[in-house]
Amino acid sequence: MSPSAYHKLLKRQVRKHLNDLKELPDREALDHFLEAVSKSYSSFDQDKELSQRMFDIADSEYQEINRRLLEEKKTREQSIAKLIEAVNTLRQAESGSEDIDENLDLLSIADLLGEEVMLRRQIEEALKEAIVETEKAAKAKTEFLSIMSHEIRSPLNAVIGMTHILNNEEHLPSQEENLSVLEISSRNLMLLINDILDFNKIDSGNLELEQHSFDLAHLLKNIRKANDHAAKERGNILKLFVDDELPTSVRGDSARLGQIITNLVSNAVKFTNEGMVRIDATVMRSNDTEVTVRVSVEDEGIGIPEEKLKRIFEPFTQAGAETNRNYGGTGLGLAITKKLLHLMGSSIKVKSSEGQGSTFYFDLTLVTGESVSPETPNSGPIDEVKDLGNARILAVDDLEFNIITLSKIIGKWNIELTTASNGYEAVELVRNKDFDLVLMDLQMPVMDGREATEKIREFNTELPIVALTASTNESTRREVLALGMSDFAGKPFEPDQLYRKLKSHLVAKKEA
């Protein structure tokens, strides 16, 4: 190796200590030595450079690892803080529970969180059991009310029916007032039962609205007419104003809408003395397919204190104890009105102040319906003589007083009446004798009306069978129609309405 190729450090040492290499003895051995030293220097530099590079790489990785560890530590601290917050939130629901120590380690917090989750699961299971028990209680309540409805309506049917009979028979003038009190009391009891059952049906979600065409103006006129007598008794003037733009026919549930308006009008009449009650129907907007009508009932009655306006729509609630003592009532009318309007997509509103009267109103959007007759077929009293053309009718009921009441009422309509006390007797009578129509109770011993109808339909599909029952809910109506019955009438029945039903089915049978 030439000296010029030596490592720089070796060159410096050679110049310092060996001025003239040529004069040194054993030159060849020295050259080998210096060459080896030079290579050692070079190897050392390479090792040093490599070590530096390795150090630089290790330091960079260390910094990255350290950065990641710091981030993980921060994330862990945040996670622990959130866990502590979550556990404390869960524990706040427990009376007397204190916040946990913020210095707890992660495992301790996880244990506490596990305990809280287990507790919540126990609460959830208890809640599920409570829901099941609540549903059972609601079902039991519904069944109880259904049974009580039947048991109360059946004797009430006789009371109302006999009152109707006595009113139409010759009686002493001194008995007129007694009969009037009896009629009013029995009908008030009927209204109370209907209110309780309606509220229960709406509350349990079992009430379904019907859709049919009707004349709203005619409905309002009938409501005004029905409340006119009560208004006059209290010295009130009952007025009706109907917008000329109101369509002659709309689609909806006329019975439930009539119930809503009747509730408002009867309340206005009841809480007003020697004043005016005004029913108003105003078209707010309309197009080719629907109309929005504002129906309002305004009175000059006792009014409602502002602080009690919200309470009057709660069930079994009135404006105050004094109101209940002076005017009576269950406090269900407005609660039912509110719920019915909600089902119709509307809401009841009120403006009132104590001593200044009240105005209840709502906006209802109705689809315009097919044209209907100006006189609704199922409303208003019948003045002409009732004549069913000597029709052969079978009445089936297990309660003797119901049969007696029914016989006295429909027996005057020119019919040939046969009676049976259970479904089995009815099936045998229909099998062996020609009838034009059957009035069938549902709940009877031996064989009920449902089974009897199914038996009759096996050999006679044309005979009109009208259910006459104390079960008046919509599901019962659908059920009996599905069984093959022709129609449905509730107890207590209105003689005029029952007459219309019987006549329509008898005419239809005759024309078939």
Side-chain angles (χ1 to χ4, degrees), residues 145-169 179 182-183 185-194 197 386 388 391-430 433 435-453 455-456 463-473 476-477 479-480 483 485-503 505-506:
L145 286 172
S146 178
I147 294 170
M148 289 306 297
S149 167
H150 183 272
E151 295 303 318
I152 294 173
R153 284 175 183 271
S154 292
L156 190 56
N157 177 58
V159 173
I160 293 177
M162 283 299 177
T163 303
H164 174 82
I165 292 167
L166 290 172
N167 268 323
N168 287 279
E169 289 181 346
L179 288 172
L182 179 60
E183 181 178 17
S185 298
S186 60
R187 292 191 181 279
N188 284 342
L189 181 57
M190 189 72 253
L191 289 174
L192 171 61
I193 294 170
N194 288 339
L197 293 173
K386 296 180 177 66
L388 295 180
R392 293 160 297 183
I393 295 178
L394 172 62
V396 190
D397 200 307
D398 62 310
L399 297 177
E400 186 178 358
F401 57 76
N402 278 341
I403 289 292
I404 293 172
T405 303
L406 186 65
S407 301
K408 285 182 175 290
I409 293 175
I410 72 173
K412 298 178 180 180
W413 299 348
N414 186 21
I415 64 168
E416 180 185 324
L417 184 64
T418 304
T419 63
S421 60
N422 59 64
Y424 178 80
E425 291 180 9
V427 174
E428 294 305 310
L429 283 167
V430 173
K433 185 177 178 180
F435 290 100
D436 296 308
L437 186 142
V438 176
L439 277 170
M440 183 79 76
D441 187 26
L442 294 185
Q443 295 186 11
M444 295 180 291
V446 183
M447 182 185 291
D448 65 21
R450 296 172 175 83
E451 186 178 355
T453 298
K455 296 285 186 185
I456 291 172
L463 179 64
I465 302 176
V466 177
L468 187 59
T469 174
S471 301
T472 59
N473 55 64
T476 302
R477 187 186 72 84
E479 178 192 3
V480 299
L483 285 171
M485 289 187 171
S486 311
D487 210 336
F488 178 93
K491 295 178 185 176
F493 60 85
E494 287 288 341
D496 286 345
Q497 292 180 2
L498 181 61
Y499 174 76
R500 291 188 183 95
K501 284 183 182 291
L502 299 185
K503 188 168 185 177
H505 287 291
L506 290 170

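One is the number of the first residue; the rest follow in order along the sequence.
Nearest heavy-atom pair across I403 and S407 is O-OG, 2.6 Å. Nearest approach of P445 to N422, heavy atoms of both residues: O-CB, 3.3 Å. Annotation for A426 and M440: closest pair CB-CE, 4.3 Å, computed over non-hydrogen atoms. Minimum heavy-atom separation, G449 to M444: N-CE, 3.6 Å. A420 approaches L429 most closely through the heavy-atom pair CB-CD1, 3.9 Å. Closest heavy-atom contact between M485 and A467: SD-CB, 3.4 Å.
Atom CD1 of I409 is separated from atom CG of L498 by 8.0 Å, given to the nearest 0.5 angstrom. Note that NE2 of H505 is 13.5 Å distant from CG of D436, once rounded to the nearest 0.5 Å. Residue L394 holds its CG atom at 7.5 Å from CD1 of I456, rounded to the nearest 0.5 Å. Once rounded to the nearest 0.5 Å, the distance linking OH of Y499 with CG of L506 reads 9.5 Å. Separating the NZ atom in K503 from the NZ atom in K386 is a distance of 10.5 Å, to the nearest 0.5 Å.
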Verify side chain to side chain contact (heavy atoms under 4.5 Å, CB included) between L463 and V438, making sure each step is shown before the conclusion. CA-CA 8 Å; L463 179 64; V438 176; 3.5 Å; yes

Is there a side chain to side chain contact (heavy atoms under 4.5 Å, CB included) between T453 and V480? Walk through the geometry before answering. CA-CA 9 Å; T453 298; V480 299; over 6 Å; no

Could you walk me through whether L439 and L406 pass the side chain to side chain contact (heavy atoms under 4.5 Å, CB included) check? CA-CA 10 Å; L439 277 170; L406 186 65; 4.0 Å; yes

For side chain to side chain contact (heavy atoms under 4.5 Å, CB included), just list the numbers for D441 and V396, CA-CA rounded to whole Å, side-chain angles, deciding distance to a tenth of an Å, and then say yes or no. CA-CA 6 Å; D441 187 26; V396 190; 5.6 Å; no

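Side-chain atoms of E451 do not come within 3.5 Å of backbone N or O of M447 as any donor-acceptor pair. In this structure a side-chain-to-backbone donor-acceptor pair under 3.5 Å is missing from T419 to A395.
Put simply, the side chain of L437 does not reach to within 4.5 Å of the side chain of L388, judged on heavy atoms. Looking only at side-chain heavy atoms (C-beta outward), I410 and L417 come within less than 4.5 Å of each other.
The side chain to side chain donor-acceptor pair (under 3.5 Å) check on D448 picks up nothing, with sequence neighbours excluded. Applying the side chain to side chain contact (heavy atoms under 4.5 Å, CB included) test to E400 and every residue at least two apart in sequence or in another chain returns I404. With sequence neighbours excluded, no residue satisfies side chain to side chain donor-acceptor pair (under 3.5 Å) with E428.
Around OH of Y424, the count of heavy atoms belonging to other residues, nucleotides or ligands within 6.0 Å does not exceed 12.
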